[in-house]
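Just so we're on the same page: letters track the sequence lines, and every chain starts at 1.
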Amino acid sequence: MDFSFTEEQTLLRNMVQSFVQDNYDFDSRMKIVRSEEGMSREIWGQFAELGLLAAPFSEEMGGLDGGPIDIMVIMEELGRGLVVEPYLPTVVLCGGILSRHASAAQQEANLPGILGGEHIWALAYSEPQSRFNAGDVLTSAKADGEGFVLNGTKAVVAAAPWADKFIVSARISGEQRDRNGIGLFIVDKSASGVSTQDYPTVDGNRASEVTFENVAVSGDALIGDATTGLSILEEALDHGIGAICAESLGHMKSLNDATVEYCKTRKQFGVPIGSFQVLQHRMVDMFMEYEQSVSMTYMVNMKLSEGEEERRKAASGAKVQIGKSGRFVGQEAVQLHGGMGMTEELSVGHYFKRLTVIDTQFGNVDHHLKRFASA
Amino acid sequence: MDFSFTEEQTLLRNMVQSFVQDNYDFDSRMKIVRSEEGMSREIWGQFAELGLLAAPFSEEMGGLDGGPIDIMVIMEELGRGLVVEPYLPTVVLCGGILSRHASAAQQEANLPGILGGEHIWALAYSEPQSRFNAGDVLTSAKADGEGFVLNGTKAVVAAAPWADKFIVSARISGEQRDRNGIGLFIVDKSASGVSTQDYPTVDGNRASEVTFENVAVSGDALIGDATTGLSILEEALDHGIGAICAESLGHMKSLNDATVEYCKTRKQFGVPIGSFQVLQHRMVDMFMEYEQSVSMTYMVNMKLSEGEEERRKAASGAKVQIGKSGRFVGQEAVQLHGGMGMTEELSVGHYFKRLTVIDTQFGNVDHHLKRFASA
Amino acid sequence: MDVEFTSEDQAFRAEARKFIEDNYPKHLIGADRGDLSKEDFLAWHKILAEKGWVAPSWPEEFGGTGWTVTQKYIWNEESAAFGTIPPLPFGIAMLGPVIYTFGNQAQKDWVLPGIKSGETWWCQGYSEPGAGSDLAGLKTRAVRDGDDYIVNGHKIWTTLAQHADWMFCLVRTGAEGKPQAGISFLLIDMKTPGITVRPIITIDGGHEVNEVFLEDVRVPAEHLVGEENKGWTIAKFLLGNERSGIAGVARSKKAIDRLREIARGELEDGAPLLESSDFARRISELEIDLTALEYTELRTLASESKGQGPGPESSILKIKGTEIQQRITELTMEAVGNYASPWVPQLDRGDNYRAIGPDHAEGVSQTYFNTRKTSIYGGSNEIQRNIIAKMVLGL
Amino acid sequence: MDVEFTSEDQAFRAEARKFIEDNYPKHLIGADRGDLSKEDFLAWHKILAEKGWVAPSWPEEFGGTGWTVTQKYIWNEESAAFGTIPPLPFGIAMLGPVIYTFGNQAQKDWVLPGIKSGETWWCQGYSEPGAGSDLAGLKTRAVRDGDDYIVNGHKIWTTLAQHADWMFCLVRTGAEGKPQAGISFLLIDMKTPGITVRPIITIDGGHEVNEVFLEDVRVPAEHLVGEENKGWTIAKFLLGNERSGIAGVARSKKAIDRLREIARGELEDGAPLLESSDFARRISELEIDLTALEYTELRTLASESKGQGPGPESSILKIKGTEIQQRITELTMEAVGNYASPWVPQLDRGDNYRAIGPDHAEGVSQTYFNTRKTSIYGGSNEIQRNIIAKMVLGL
């Protein structure tokens, strides 16, 4: 049992931290969010140069041989800066699936574009009716000769407006909510029959409704096979949970720091409002929520490589913690900032909104409490 | 719509209040609780003399023609004194069933004994396996000529050690949890085959496990018929809920008053602990819980005579409120009294324990949330 | 003690309902508050004014309806059930009672009719950057100069000031004694030179509040309400009134109905979300808490109708009312799942606007974010607890 | 960063488990704390002492085990999983570290062996009727008289003083400066004339705490630990140690297992209560919170093992640990339904005692009532939050 970071991980943290401080202060961030595209290709290129996009991949794949703990370190620091560039969908979700389950040919064809920063990927798995059940799939993949034809709509696909490629879950066989019969397909956004309706999301990101209309893909677009698709997908989502738990630590830490600082300087009734015991204890509760979240984030990221049952339980437990803590910290940070916390001008509200989305992302507290109990 | 008490009700409140203040201070109460019998027959006689035992019954039955609001007033004041004498089982539960559903002959035979204070009654309805479902009945009533033979065990029957008579639910037909086929029987405690295992309960009351072994009762011991038994019983339990909601108001009010008083006088760090804002807001929350409980208690007692659906919803909603509020107020009163709140010497812990039992009595928060949702 | 309505009350309910159904502007049914133009805000107000029903809480001599407490309760219930846009609170609920209680005859004569007709849109100049919870810490100064005051200062969180014709305003006229002692209550024409209104965009993307800068603004002294330096009494009177309307029971009932409707339409593994025991439980808990609040408000109204004014107990209505509103909007957002994320604030909607996801999901996140303000404004919920601790519990 | 145990650790776990299984007194398996005699309390303590495992947290030179942080963690886990009665905390966890840190050689020589062997039962004389959360407000006075101190005062909440041979005690020796300045740390023989122990019965019906009256009690000055008037440093040191053991993670795990077992046996409409989604949800929430606490404790231990002492962050362990214990006992009481009511406190049980209801229901209410103390003692949870606010957040 060991709770310390390696020297490399500490260096990695320092590097990302400096990069975010120097290049991604709140004003820069808001400029990027409000820009036409909503992300910065320049920042993305710098991620590639810094090796962040290569961090979790093995050396054979051209990567830096990192693991979940390295991703955790990176995501935590990206969270502090409320970074919108699509590290999670490209590297953690799609990159993770490719590195763990794609064939050598698929990896050769696709990983270099991720590591080099040329391609952005999005994971198109949720559907209008599926809520938080990744196995509730209506999008169909009909065998057609050596290949497949895809039809269906994917809902709220994060980063899709920026993406060049998708990994798409589609049903090859079985009923709407059968665990078996789901395949994961690599689909070019430029493929004929793919269309997107793009929009911003409440947390400053971008997403799309993605429609597939008779989209023909070749047989080697399928990752794994039709019996393992859902397992691969669920594993990827659990890795995603590990990553956004870490991201949320960055948000909570920023909010807690900002709130303590604000309460020390904001005066009412002739004294700093931080001298009121009720607000002090509120901040203590925020601090404790953060500390408990740190613990659960370490826990889940250490357990992502364990067996499926343990991984599921760890991921759901951590997601419940982060959902509750993030909600509490976000709401109370706004409350303690008073009217100022309600304005677009301060970063507080933006952290709050990202934490609100994180509670829903990959399933909310209710969903994961049930999954935890059944694991 | 009218939220005022009649002049008679105000007089009634004053009378009960004075009686409790004069005859039932904390020391007297503890003497009674610790006595061999655990209740005072003398106090019970005085209840009869004051007309409390006659309050809710119609004039034709020799009563004072009161209703749920009168019972509410009485129970609230009895709650303030933590009175253990069995007003609830005798007058509210069994007396209520008899007055609303018994035949003229049954009423003539039984009500005078209640109104005059000669007989104490207990409602034997819960069973070891039934939890909070009054329709989960294994005790059997087998038709035998004109009468019935009862067999089974009733669990945690409040006031049974003091009772002369029981109203017993027993299954005449059907399966363990069928709504139909349950009869309510008047059974003398002295009847052959009735035995009790008596014990104190955590709130200073007494209860028994009551066993019926081939107990023969005549046909006119049955109240109503075999199809309405459960409805009659559920109605009685909802009246019981109205009454213990009121009782709990007395407890909460006493605890809140005692806590505010204690915090004004108890000094630490050279100042009254009531000057600490965290404790102030805690007491404000206790106050608000009490006020919301008052509202729900008024609500339920005004709706007890409405149709079944509305009555059920009102009773379950009120019981949820009182369960939560009573728990919060009780726990926080102990917490704010510090170590002193943990001792048998102060009344605080005794109110807390009675409130704890009230949360379970007639079904806890979980049970009534489900019942509320399904009503 | 009785919860039944009399037959007179029931007749009144029928009349009220019919009047709303017959007269409420069709194009405003179900309208979203953030989308409203100034005219939209005032349309229903003006219809009510014509009917004589725009100010039920005022004394009859000033144009009130003379309704009983129960009738007012019924009117609120029916208005909320239909989902009307309530008359602007700044004039009817806030300034009106101040004027007929503290104003002189001339002020009564020109202010009250304009409020009722909707001709004058008022805004409230209370908060300042340095004076939020600590309202008495305000710094905006008014200096007497002949028949005028010259006002300099900076107000903030001024709701809908972008539409306002006039502002009622707290200003500092004296520097001696306690901070509360030197405050006066002034009426200011928003068209006076020296006034600048700057929008504040909130985290829901809406423009509801503003900053108001006052630079050498000349205000005739006849627009002082009550005595100079005695404005704090008026300020507290107004805050007390503000608190009592804030429970919002009837509107929360409607919001729970909508939540239930949404949860019936949203599916979880193919079954309505409403059938999930966890979700149903949380709706039940909301309904029970709201019922308790409703009866607490009714008890408060009942004692008011006996001549007892809204006491410090009414802080409960503010605290519980806003907590419930926040929980409803939060649960509604949760109900729509992934479709809580799309972000199309009112300000950004062009003509070619197309909804993302189911219609019922639209704006639920914005509403949730916006509703966070309710525990901050009108005296934060922490301040309300301080009030109860001091005034009710004597701590 | 790694959560795996090494093979050495796994071997140690096997050894620890086997030792407990082979040596733990059979008649104390599953024993209820309230029923224990003085001998029962000490039985396992003495076995551990013989093995040399009674004080794992002490430095090896004073009889500690030299275990790694991980090994201590494993030992606690195995002890809790088996349900052993832990060695008395007053000597091992509280006084021992004080003596080897602040005591002189003579004190080390006579106090430490008695603690380890279990020969000397210590109790803690800290709180007084007027000095609870405000410990520095204590009034018990010790006045120097030749080679002795004469002690007069009144201690309260003295746990298990009825069994104690000696008491370590905070007394006031100086009246100048801050209240913290004049406090000294004294060891007092409970058999000294002038000491009276009065039981306090708590709401669970148990006799665990006492009042201790000291009237002209003569204490040899050699029993002063550290310097006169410097006792506050020792007091704080001891409270810090007290806090770190209080999380009780392993015992709470065991208690949740028991709760789950009970909920499997209790029926709701014929189905196990554990299958009720509401009930299962609440158990899950407890488990998740406990997991978080476990990792928070492990993180604390890890930084301690790097030489950083238990900082003010360890107040989290006290707060969260006791909140979880209270929720577990509450949910356990709820699980048994109507059978939570029967009241047969340990003190009242005669020889012909017969349980009411299912065995698993016995004492659950008493345990719930008793556990309310945990958020009060050892520095109330409010005080712990004050500590974090001041020491960690700098407020």
Side-chain angles (χ1 to χ4, degrees), chain A residues 1-6 9 67-70 72-73 256-257 259-261 263-264 272 274-277 279-289 291-303 306 313-314 316-321 324-325 365-366 368-375, chain D residues 1-6 9 68-71 73-74 260 274-285 287-303 305-306 312-320 323 381-395:
Chain A
M1 234 177 358
D2 175 14
F3 283 84
S4 56
F5 293 97
T6 64
Q9 287 162 348
I69 302 299
D70 301 83
M72 180 177 94
V73 167
N256 284 352
D257 289 352
T259 303
V260 168
E261 186 55 31
C263 289
K264 279 180 182 166
S275 65
F276 294 111
Q277 195 190 25
L279 303 194
Q280 290 181 350
H281 282 206
R282 199 84 58 80
M283 287 183 269
V284 169
D285 287 337
M286 292 163 77
F287 167 76
M288 292 198 294
E289 289 296 323
E291 288 292 331
Q292 296 284 74
S293 296
V294 170
S295 295
M296 290 302 264
T297 301
Y298 287 7
M299 184 279 295
V300 65
N301 282 294
M302 286 189 282
K303 291 201 168 179
E306 303 281 325
K313 196 146 189 143
S316 286
K319 192 61 176 43
V320 167
Q321 177 75 49
K324 288 183 181 178
S325 296
V365 170
D366 267 4
H368 282 289
L369 271 173
K370 281 178 208 159
R371 189 171 180 246
F372 181 89
S374 72
Chain D
M1 197 169 279
D2 183 6
V3 76
E4 297 294 305
F5 290 101
T6 63
D9 288 337
T68 63
V69 166
T70 306
Q71 285 176 314
Y73 169 78
I74 289 170
R260 190 184 288 283
L274 192 60
E275 288 171 16
S276 146
S277 97
D278 287 330
F279 207 86
R281 177 191 178 102
R282 286 157 76 191
I283 296 183
S284 291
E285 290 184 308
E287 283 186 304
I288 291 167
D289 289 345
L290 185 58
T291 305
L293 181 65
E294 180 180 13
Y295 278 79
T296 301
E297 187 175 36
L298 289 171
R299 287 167 52 216
T300 310
L301 291 175
S303 65
S305 74
K306 288 192 192 140
E313 292 86 356
S314 67
S315 287
I316 296 181
L317 305 179
K318 160 72 178 17
I319 296 170
K320 291 285 172 192
E323 285 176 356
N381 287 10
E382 288 83 7
I383 292 289
Q384 302 299 338
R385 283 186 169 83
N386 284 350
I387 291 173
I388 297 176
K390 190 175 168 188
M391 309 296 282
V392 183
L393 304 182
L395 289 164

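Side-chain atoms of A:Asn301 and D:Met1, non-hydrogen and from C-beta on, never get closer than 4.5 Å to each other. With a 4.5 Å cut-off on side-chain heavy atoms, D:Leu395 and A:Met283 count as touching. Residues A:Glu291 and D:Arg299 form a side-chain contact, since some pair of their non-hydrogen atoms from C-beta on lies under 4.5 Å apart. You'll find the side chain of D:Asp289 stays beyond 4.5 Å of the side chain of A:Gln292, heavy atoms only. Residues D:Ile316 and A:Phe287 are in side-chain contact: their nearest non-hydrogen atoms beyond the backbone lie under 4.5 Å apart. The shortest distance between side-chain heavy atoms of A:Lys324 and D:Ile288 does not fall below 4.5 Å. Using a 4.5 Å cut-off on side-chain heavy atoms (C-beta onward), D:Ile388 and A:His281 make no contact.
Only the side chain of D:Val392 has a heavy atom closer than 4.5 Å to any heavy atom of chain A. At a 4.5 Å heavy-atom cutoff, the contact between A:Glu289 and chain D is made by side-chain atoms alone. Residue contact with chain A, scored on non-hydrogen atoms closer than 4.5 Å, involves the side chain of D:Lys320 exclusively. Heavy atoms closer than 4.5 Å to chain A are found in the side chain of D:Ile319, but not in its backbone. Looking at A:Met286, neither its backbone nor its side chain comes within 4.5 Å of chain D, counting heavy atoms on both sides. Both the backbone and the side chain of D:Glu285 have a heavy atom closer than 4.5 Å to some heavy atom of chain A.
Put simply, CG on D:Leu298 and CE on A:Met299 are 11.5 Å apart, with the number rounded to the nearest 0.5 Å. Summarising the geometry, atom CG belonging to D:Asp2 is positioned 14.5 Å from atom OH belonging to A:Tyr298; distances are rounded to the nearest 0.5 Å. Taking OG of D:Ser277 as the reference point, atom NZ of A:Lys370 lies at 7.0 Å (rounded to 0.5 Å). From D:Arg281, atom CZ reaches atom CG of A:Leu369 across 5.0 Å, with rounding to the nearest 0.5 Å. In this structure, OG in D:Ser315 is found 9.5 Å from CE in A:Met288, a value given to the nearest 0.5 Å. The line from CZ of A:Arg282 to CZ of D:Arg385 is 11.5 Å long, rounded to the nearest 0.5 Å.
Ranked by heavy-atom pairs under 4.5 Å with chain D, the first of A:Val260, A:Asp257, A:Asp285 is A:Asp285.
Annotation for D:Gly394 and A:Lys264: closest pair O-CE, 3.2 Å, computed over non-hydrogen atoms. Contact record, D:Ser284 with A:Ala373: OG-CB, 3.4 Å, taken as the closest heavy-atom pair.
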